[in-house]
Structures are given as C-alpha cells and as structure tokens.
Amino acid sequence: MASVPIEGRPGAGAPRTIFRHRLSTRLWHWFNALVIFVMIMSGLMIFNAHPRLYWGRYGANLDHAWLEIGSTPTQGLLRVGGLTIPTTGVLGRWTAPDGSVSTRAFPWWATIPSGYSLSAARRWHLAFAWALVVPGLLYWLWSFANRHVQRDLAPTREELRPRHLWHDIKDHARLRFPTGDAATRYNILQKLAYLGVLFVLLPLAVMTGFAMSPALDATWPWLLELFGGRQSARSIHFLCMAGFVAFIVVHLVMVVLAGPINEVRSMLTGRYRVPEDRP
Amino acid sequence: MISRRALIGMGAGAGGLMLSGCDRLTASPTFRDGLRAGEALTMRAQRLVTNRGALAPEFDAAQRSPVFRANGTRRPSSPAYAAHAAANFADWRLAVDGRVARPQNFSLAQIGTMPARTQITRHDCVEGWSAIGQWTGVPLKLLLDQAGLRPDARYIVFHCADDYGAGRYYESIDLVDAFHPQTILAWGLNGRRLPVENGAPLRLRVERMLGYKHAKYVERIEAVASLAGVGGGRGGYWEDTNDYEWYAGV
C-alpha cells in the first residue's frame, strides 16, 4: 500500500482516489486466493483418511486423540477433548450428491476431490504447496526490499498501546471504519492480521508440513524437537488451517462491510476511493 | 449495488463450479500428469536438500507406542502361507534373484544367524497416524552383497505373500535406500518374533519413507534394471492401483 494520491482533487464532493496496492501485492493476492482454497480443501480430504489428531511423537487408533470427527450409526460427532458435539449433516455423517449417506469426516463440498481419494488429495496438496511456498517466499523478500513490510505493515509503538488497541477493537465492533486520511493506512488490527498470516501462519504451516515428512525428519531432526513430535506437528498444521479459515471469513466479512465494490476494485486495479470523513 | 442474496448465490455458484471443475481436473490424465510433475519436483527438491545417508530419528524404549497398529493385510489368505505359519516358518525361504551374480535362497534360520540391527523408529502411515516400535532384522545390504548385484541393477523389488485380489503386494526402492544402514528385513518387533499381523516372518523396514513402502510378508527380493516390467510399471502395488507416489518421503 502506498499513500501517494494520484488522482486527488481537492474540492467539495469530489471523491479522492489513491493508488493503494502494488501489482506484486495484487497478483499475489489473487493467486493465493485460489491456491489457499485448494490447499485447505485437499488438506481436509487428507484429514478424512485418519480423522483424529494427537499430541506427541506417535498416535494411532488406540491412542488418545484430542480431536476426532466420527460417527455413531445415527449421528455425526465432533469430539474435542472431553466435549462431544453432534454434527450430523455436516461432519462425520452427511449425504453425498448421489443420495448415499457417508460417514467420512468432512463433507463432499469441503474437499478436493469431492469423492474420497487420499492419493488424489495428496497430489493436489503437494503440487499446490509449491505454488504457495515459492511465490510466497518471493513476495516475502520483495516486500522487505521495497519496504512494504517496514512502511505499511510494521505497527508503530503508539499503535501497540493497549488503549489504542482497545479503541480500534471497539470501533471494529461498532462497524465504524476509518475514513479520510486514516483510511489510506492499515489500522492496527489489519496490520496484526496480515503480519500474523504472513509471518506466523504461513511459516508455521510450511514447517509443520515439513515435520510430517519422514525423509525431511531424517535430515532435520530438530523439526521434531521444535514441534514436540510428528503428531504434534500434524495437530499444529491442522490448527494453522483453522487460522487461515478464520482469517478468510473475517477478511470477507470486512470486505463486504467496508464496501465490496471499492475494496475489490482496489485489489484489481490498485485504485481505492477514500471514504469521506464523517461530518 | 449487488444484493447480499445475489452475492451469496454467486459465492455458492462459484464454489460449486470450482468443485466440479476440480473433480473434472482430477479425472483428466493430462492434469494428473501435471500434478505428477509436482511429485517429481518434490522428490528432486528433497534429495537436493537432504543428505541421502541421513538416519531416520531413533527413539528410546520408553517412547514406543503401547500398541503397534497393524494395517493392511493382517494374515495372507493363501493355503501356502497358512501352512508356513502353522509350521512356524521352518521351511520358509527368501529368494534373492534378478540382476544378481549369485541367486540366493535363504532359510529363516540362516537369516537369524546373520548380523542383525535393532532400531526404535517411527512408522508413518500415509493416512496420517504414526506408531513407534523396536525392529530387529538383517540389513538388506548383507543379503544383496551375498547375491552380488550386477552392474545394471537399479532397483530392488520386494514380492510379498499377501494377495490383494488385483495381485500380490509388491514394492520397490532404489539402491541408495536399499543400502541405507537402517534398511533391514525385520524378523523381530519389540523384542519378540514378528507377529503375523505385522508381516511375519520378514518385513521390510525402509525408514524415511511412508508406511506402504515397508512391504510385509516379503518372500522374494528381485534386483531389476527398470521398473517398467514389474507389475503395472509404477513401482508398487498402491502406486499401480491407486496412483500413490513411488517416492514416499513426504
């Protein structure tokens, strides 16, 4: 994001347009919008092959699972720790498009491919992982080189003060979004969300993915120590996915609330119409 | 303005299109070849960044799984296997042939007197679960050295006793993995003779690879120059029947 006005015309009623997103940001955004859906949906199919998560170095059916999506003869169930939630129709027990009832964990509409195939899901997941990681690394380096990270994403000391944070949280909760000059910069919650995805979720998802590879574990045994074992890494990998889903949901809600046409246009053309100050 | 209802409708429509599109792509041979190129890239990249002699992590006795899960075939169905199992595998033979100078036919007793390696390693099923067990067996290298590989041998193929209807189980590895110090033909699990459900009397342990490479009930080891003439040509039972990766390092 750059705050250089290129069509700013002073004067009453004339909307101010700024150039907000560089081409690299826009390309990476839309490419990722596709890739992340493939990664999540093929990952859910891989999870369907063994719908249980464990902490530690090992974990198979007879071991204690902290999360499990299963079914009884009549119900779908999600079990987290000691909590059991009925999920019939969505998780663990659902109706496939051909009318048959399936007891796979995630339903057909959430997975790639939509019919059960672990091998096909693995091919999608591992091939698209390249599409996530290579452009991601290039974008990372480029964003440091062109100072996007330092200038637009790094929070200032003032923004990190609890009072400032709380103020922004209250404004968001009341759906009062920044206008005027403030709208040309990311606010602190946006900064934290984007930094969290770029520098926490993405690297963590990649590293825990590596830690699940028996070949990479042989070369980098510290990966296992870092995450506390392969099954812990698998659990964290799944939680990263949940983090991505949460980010995408909030992101889309914010786009709709902030004015979807202006927001989507700015991500397509780079130009963003600055909301006028409230009177 | 686009109404909220229209937006949701568009979202659902796009999602549906994307899903059926993905299914069509999965069914397309060209696209599958494209994804397979991803597998080749993953294999090359892993071999580039990893030391191919690196040892898989080994664990303490206390870190073993309380129960080592048995998967796939739990007892081969053939009468021949049943007879061997009833006789405690006294007459069981392991053949080593193919592109070798001196074809071998080892008895289980002979294999039991050869130098053994014991290792506590983690077994990672492609489905996602893991189990840690202590394996004892003869390094595959010792068997291959006795047979003497011919210069054109490139892969080691394991032919197994378990019948899957579509054919006998088989798997293959390259020579780097075949001569790796942790690659053993195990006859012991957790200090006892290998149980039938875990692959008795002999199973392959090829640590650093996913579970389906660790062939159970191995009865013949064949050195080949190419995988083209073996089974469906993709190097293994699951590779041939279900399009799993031959390189199962990830």
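Proteins get letters first, then strands, A, B, ... in listed order; numbering begins at 1 in each.
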Exercise. Is there a side chain to side chain contact (heavy atoms under 4.5 Å, CB included) between B:Gln46 and A:Leu216 once you walk through the steps?
Worked result: CA-CA 7 Å; B:Gln46 279 206 2; A:Leu216 291 181; 3.9 Å; yes
Please rank [options] by heavy-atom pairs under 4.5 Å with chain B and give me the top one.
options	value
A:Gly59, A:Pro221, A:Gly56, A:Ala127	A:Gly59
A:Asn48, A:Val38, A:Asn61, A:Leu62	A:Asn61
A:Leu252, A:Leu224, A:Asp217	A:Asp217

Using non-hydrogen atoms and a 4.5 Å limit, figure out which bit of [X] sits close to chain A: side chain, backbone, both or neither.
X	answer
B:Leu55	backbone
B:Tyr247	side chain
B:Gln63	both
B:Asp124	both
B:Arg36	both
B:Glu207	neither

Top residue by heavy-atom pair count (under 4.5 Å) with chain A, among [options]?
options	value
B:Pro57, B:Ala248, B:Ser65, B:Ala37	B:Ser65
B:Asn71, B:Val126, B:Asn51, B:Leu25	B:Val126
B:Val49, B:Thr26, B:Leu41	B:Leu41
B:Arg32, B:His123, B:Arg64	B:Arg64

Within a radius of less than 6.0 Å around [atom1] of [X], do more than 12 heavy atoms belonging to other residues, nucleotides or ligands occur?
X	atom1	answer
A:Phe37	CZ	no
B:Arg47	CZ	yes
B:Arg234	CZ	no
B:Arg75	CZ	no
A:Trp109	CH2	no

Would you mind checking which part of [X] comes under 4.5 Å of any heavy atom in chain B, side chain (CB onward), backbone (N, CA, C, O), both or neither?
X	result
A:Trp124	both
A:Leu118	both
A:Leu53	neither
A:Asp63	side chain
A:Trp130	side chain
A:Ser42	neither
A:Arg234	side chain

Return the minimal non-hydrogen interatomic distance between [X] and [Y], and the atom names on each side.
X	Y	value
B:Gly128	A:Arg230	O-NH1, 3.5 Å
B:Trp129	A:Gln231	C-NE2, 3.5 Å
B:Thr50	A:Thr219	CB-OG1, 2.9 Å
A:Ala218	B:Ala54	O-CB, 3.6 Å
B:Gly249	A:Ser213	O-OG, 2.6 Å
B:Pro66	A:Tyr58	CD-OH, 3.4 Å

Side-chain ([X]) to main-chain ([Y]) donor-acceptor, under 3.5 angstrom:
X	Y	value
A:Arg122	B:Val250	yes
A:Ser119	B:Asn242	yes
A:Arg123	B:Asp243	yes

